[in-house]
Protein chains: 2
Amino acid sequence: MMDVAKLAQVSPSTVSLYLRKPAAVSPAAGQEIARAIAALGYVPNLVAGGLAAASSKVVSVIVPSIRNAFFAETVSSLQSALVAEGFQVLLGHSEYGEEQEEALVRTALSWAPAAVVLTGLSHSAGTRKLLQASGVPVVEMWELGADPIDMAVGFSHPQVGATAARHLLSKGRRTLAFLGARMQEDHRAAKRASGFVEEARQGEPRTCEIINHPGAATVEAGSLLLNRALQQIPDLDGIACSNDLIALGALFECQRRGIAVPESIAILGFGDLDFSASCIPSLTTIRPSGDLIGREAARLILSSIHGEPPDGSARIVDTGHVLVERRST
Amino acid sequence: MMDVAKLAQVSPSTVSLYLRKPAAVSPAAGQEIARAIAALGYVPNLVAGGLAAASSKVVSVIVPSIRNAFFAETVSSLQSALVAEGFQVLLGHSEYGEEQEEALVRTALSWAPAAVVLTGLSHSAGTRKLLQASGVPVVEMWELGADPIDMAVGFSHPQVGATAARHLLSKGRRTLAFLGARMQEDHRAAKRASGFVEEARQGEPRTCEIINHPGAATVEAGSLLLNRALQQIPDLDGIACSNDLIALGALFECQRRGIAVPESIAILGFGDLDFSASCIPSLTTIRPSGDLIGREAARLILSSIHGEPPDGSARIVDTGHVLVERRST
DNA sequence: GTGAAAGCGCTAACAT
DNA sequence: ATGTTAGCGCTTTCAC
C-alpha cells in the first residue's frame, strides 16, 4: 500500500480510504491511485485489514455436512448474498457432532468473524458460552423452537411431521410408518418423526411406527427401511420419510416388490429434491426452501453488522414449509 | 495473550511458542500456561497470527457450484483432511464463469492463503498471472490434460467419454447420442462428449450426436434431453449422459414412454451418485471418485506447505475412472 | 528454555 | 479532501 501511495503521490491512508470508500477521495487522486494499483498489481492484504479493523470480512458457516443437498443449497445462496457484500465464507462440517461443532466454533472465533452461522438449535453448553462471550452475531438456521443464541431462520420440524401425518390421514391411510435415517444424531429428523406420530394419533391410526436406519440418509437406506417396515407392519398403507432420498429408495423398493404406489402404499417425502417431480410416480413431498433460509440468514447478518441489529421478533424468521402434492400419495 | 502470559508468569513469546510447539517449553511453564488459557477462556487471534507469520492457515477452494454432488463430495473430503492439520477452508463458487473465478482468486489471495484450490484447467489469463505472481501453492482438480499452473489432481475427461463409447459399442449399440447439460460453460462435460464421439467413430456407428441442454444438469433436463434425442434419432439404441442425474431423467422418461431399458435403449451415466445403484434398472455409470480427488489434493497441499514440494510427475495425480456396469446397459 | 524488541500491512481517530 | 499517528495481537529473530 505504501508503494501504491508513493506512485500515486498520496499518503497510504488516502489509498486505504480509496479502497474502502472510493467516493471519499477526489476524482483526481482516485484516478492516480487506481492507475498505481493496476501498474503494481497490488492486491490488498485483508489479514492486515482485519487485524487493524478488529473484524474480518469473514462469515463462518458450520453445517453438519455439505454433501447433504439441503445444506449445499443453503450454503450456496447464503454465500452468494454474502460475497455480493464483500464477505467471504469460511466453511466447517460438524458431521452431526456437538463436540466437533464446539471445536469448529472455537477455531471460527479465532478468525474474528463478522458473524457465525450454525445449523440447528442443539449445541453444547460450551458452544453457547463461547459464542455469547464473543459478542459476534450468530444465526442458527434450519430449525425454530427453543430460544436461539442470537438470531434464527428456519421452520418447525414437528410441524412438518404433523403436516405429513395430516396429509396421509386425509388420504384415508391408517397404518402408518415414519422412515428416518441417523435420527440418533439428526435431531431435526427425529423431531419430524415425533411430530408425525403425535399428529397421527389424533386420527386414530391402526398403527404408527418410527423406523430408524442408523446410517446416512441415502436411497439405499430407503429401500432397507421399506423392507423393515413391511416386515413389522405387513398391511402398511402410508409412509412419511425424513428425506426425499429415503422416499425414492422406498419407491424403488415398492416397484421391485410389485407394490402399487400410491394405491397400496402412499409415500411422502421431505425436501423436494431435484428428482422428486420427475420420478414415477412423482413424489409428494414437503418443501423447506433451503434457498430462502440462506438468503434470510444473509439478510439478518448484514443488517446486524451494519448497525441495525434486528430486535425482538425480527430476530426470528419462520420460513415455513409447503406441502407439494404429487402422485405418490 | 499478554493476559495469559501475566497469569502464567511467563512472557508473551513463551505463550506463543507453547501454542505452536508445546514441546519446546518446559513442562512446568506449559502447565501454567494451559491453566491460564483455560481460566481466561483465551481464544488465539489467528488474524494477528496470520499477519505476523505472513501466511494464514487458510486454504481457499473455488468450485463451480457446491450444489453439484461431485464438488460437494470433494470439498467435504478435502476439508476433513485439511481441518485435521489445522487449516480452514475458505469457499468460493465461480458458477462456471472465468470472470467470476478471477474475482474470487483475487479476494482469495488477499487472505494470504496457504494454498489455493481451483476446479478444472480452464482459467482466464488474469487468474493464471495472479496465482503465478503470488507464489502460493495451487492445485487444479477434477481435470487432467494441458499444463497445470502448479499441481493437478484429476482424470482425463475425453478418456471417460471414450470408455462410455466403447462400452455402448461392446453392447452392440450403433445409433448413439451423448446427452449433456450446460456444455457451453462446463468444459469438462464438453470434453467427455467429444471424447465419446471420437471413440464412437472407430466403431462405425450409424449415428452419433451430441445433444446439449443449456440449463443445469438436473433429472428434468435428462427427460427433456431424451425426448429431444428421440425426435432427432428415432431409432436411438444407446445413450451416454454427462451426469447420472441426466441419466436418471432419461431413464424415467423411457419408463413413461414405455421404452425398455436396456433392451431398446441402453443408458450410461457418469458420477455413480447415491441413487445409481438403486434405481430400476440400476444404472451403468462411470465413477470418478470425488472423494479421492479431495484427499489427494489435500496431500499435495500439505506436502507443498511442509517444505517438500512434490516435483516433476508427482505434481500431477491421475485418479482415473472406473466403469461400473449395472443393468441399464 | 525464556524474554526483549521489532515489525507484519493495514485502519481509524484526529488534525489540518 | 488529505495526512499524521498510534496501534490491532501476534510471530520471530536474536540474545541471554
Side-chain angles (χ1 to χ4, degrees), chain A residues 1-34 36-37 40-58 86 88 106-107 109-114 134-136 305 307, chain B residues 1-34 36-37 40-58 86 88 106-107 109-114 134-136 305 307:
Chain A
M1 188 179 269
M2 284 183 66
D3 292 348
V4 171
K6 213 163 288 175
L7 189 58
Q9 313 221 56
V10 294
S11 75
S13 60
T14 304
V15 177
S16 172
L17 188 62
Y18 170 78
L19 252 21
R20 283 168 299 113
K21 293 175 191 160
V25 303
S26 70
Q31 226 161 28
E32 279 306 308
I33 293 169
I37 286 174
L40 297 173
Y42 169 70
V43 177
N45 182 331
L46 290 178
V47 178
L51 181 60
S55 103
S56 63
K57 287 277 230 174
V58 157
Q88 301 296 300
R106 197 178 294 277
T107 343
L109 290 176
S110 296
W111 284 98
S134 74
V136 168
I305 291 169
Chain B
M1 189 178 268
M2 283 183 67
D3 293 347
V4 171
K6 214 164 287 173
L7 189 59
Q9 314 221 56
V10 294
S11 76
S13 55
T14 304
V15 176
S16 173
L17 188 61
Y18 170 78
L19 252 21
R20 282 167 299 110
K21 292 176 193 159
V25 303
S26 68
Q31 225 160 30
E32 279 307 307
I33 293 169
I37 287 174
L40 297 173
Y42 170 69
V43 177
N45 183 330
L46 291 178
V47 178
L51 181 59
S55 106
S56 64
K57 287 277 233 175
V58 157
Q88 301 296 299
R106 197 178 294 277
T107 342
L109 290 177
S110 296
W111 284 98
S134 75
V136 168
I305 291 169

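Order of the sequence lines fixes the chain letters, A, B, ..., with proteins taken first and strands second; residue numbering starts at 1 for each chain. Scope of the values below: all heavy atoms of this structure, side chains included, with no hydrogens, waters or symmetry mates. The structure displayed is predicted, hence computed values, not measured ones.
- Of all nucleotides in DNA chain C having an atom under 4.0 Å from a heavy atom of chain B, the first and last in 5' to 3' order are C/dG1 to C/dG9.
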**Request:** Assess whether side-chain contact (heavy atoms from CB on, under 4.5 Å) is satisfied between A/Met1 and A/Leu19, documenting all intermediate values.
**Result:** CA-CA 10 Å; A/Met1 188 179 269; A/Leu19 252 21; 3.9 Å; yes

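- Scanning for side chain to side chain contact (heavy atoms under 4.5 Å, CB included) contacts around A/Ala52 gives an empty result, with sequence neighbours left out.
- Partners of B/Ser13 under the side chain to side chain contact (heavy atoms under 4.5 Å, CB included) rule, at least two apart in sequence or in another chain, are B/Ser11.
- Between the NZ atom in B/Lys6 and the CG atom in B/Leu40 there is a gap of 11.0 Å [rounded to 0.5 Å].
- Side chain of A/Ser56 to backbone of A/Trp111: a donor-acceptor contact under 3.5 angstrom is found.
- Near-neighbour residues of DNA chain C inside residues 8-21 of chain A, defined by a heavy atom below 4.0 Å, number-ordered: A/Ser13, A/Ser16, A/Arg20.
- Annotation: side chain of B/Val58 is not in contact with side chain of A/Val47 (no heavy-atom distance under 4.5 Å).
- The span of DNA chain D lying next to chain B, judged by atoms under 4.0 Å from heavy atoms, is bounded 5' to 3' by D/dG9 to D/dT12.
- For the pair A/Thr107/B/Gln88, a side-chain contact is recorded, criterion being any heavy-atom separation below 4.5 Å from C-beta on.
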Listing, residues 24-34 of chain A side-chain donor-acceptor contacts under 3.5 Å, not counting sequence neighbours, or none:
{"residue": "A/Ser26", "atom": "OG", "partner": "A/Ala29", "partner atom": "N", "Å": "3.2"}
{"residue": "A/Glu32", "atom": "OE2", "partner": "A/Arg35", "partner atom": "NH2", "Å": "3.3"}

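- Nearest-nucleotide assignment on DNA chain C puts the 5′-proximal partner with B/Ala24, out of B/Ala24 and A/Tyr42.
- Applying the side chain to side chain contact (heavy atoms under 4.5 Å, CB included) rule to B/Ala54 yields no partners; only residues at least two apart in sequence or on another chain are considered.
- Legend: residues meeting side-chain hydrogen bond (donor to acceptor under 3.5 Å, both in side chains) with A/Ser16, ordered by chain and number and at least two apart, are A/Arg20.
- Under the rule for a side chain to side chain contact (heavy atoms under 4.5 Å, CB included), A/Ser55 has no partner lying at least two apart in sequence or in another chain.
- In this structure, B/Tyr18 and B/Val10 have side chains that are not in contact, with every pair of non-hydrogen atoms separated by 4.5 Å or more.
- Taken residue by residue, residues 50-58 of chain A places heavy atoms nearer than 4.0 Å to DNA chain D at A/Leu51, A/Ala52.
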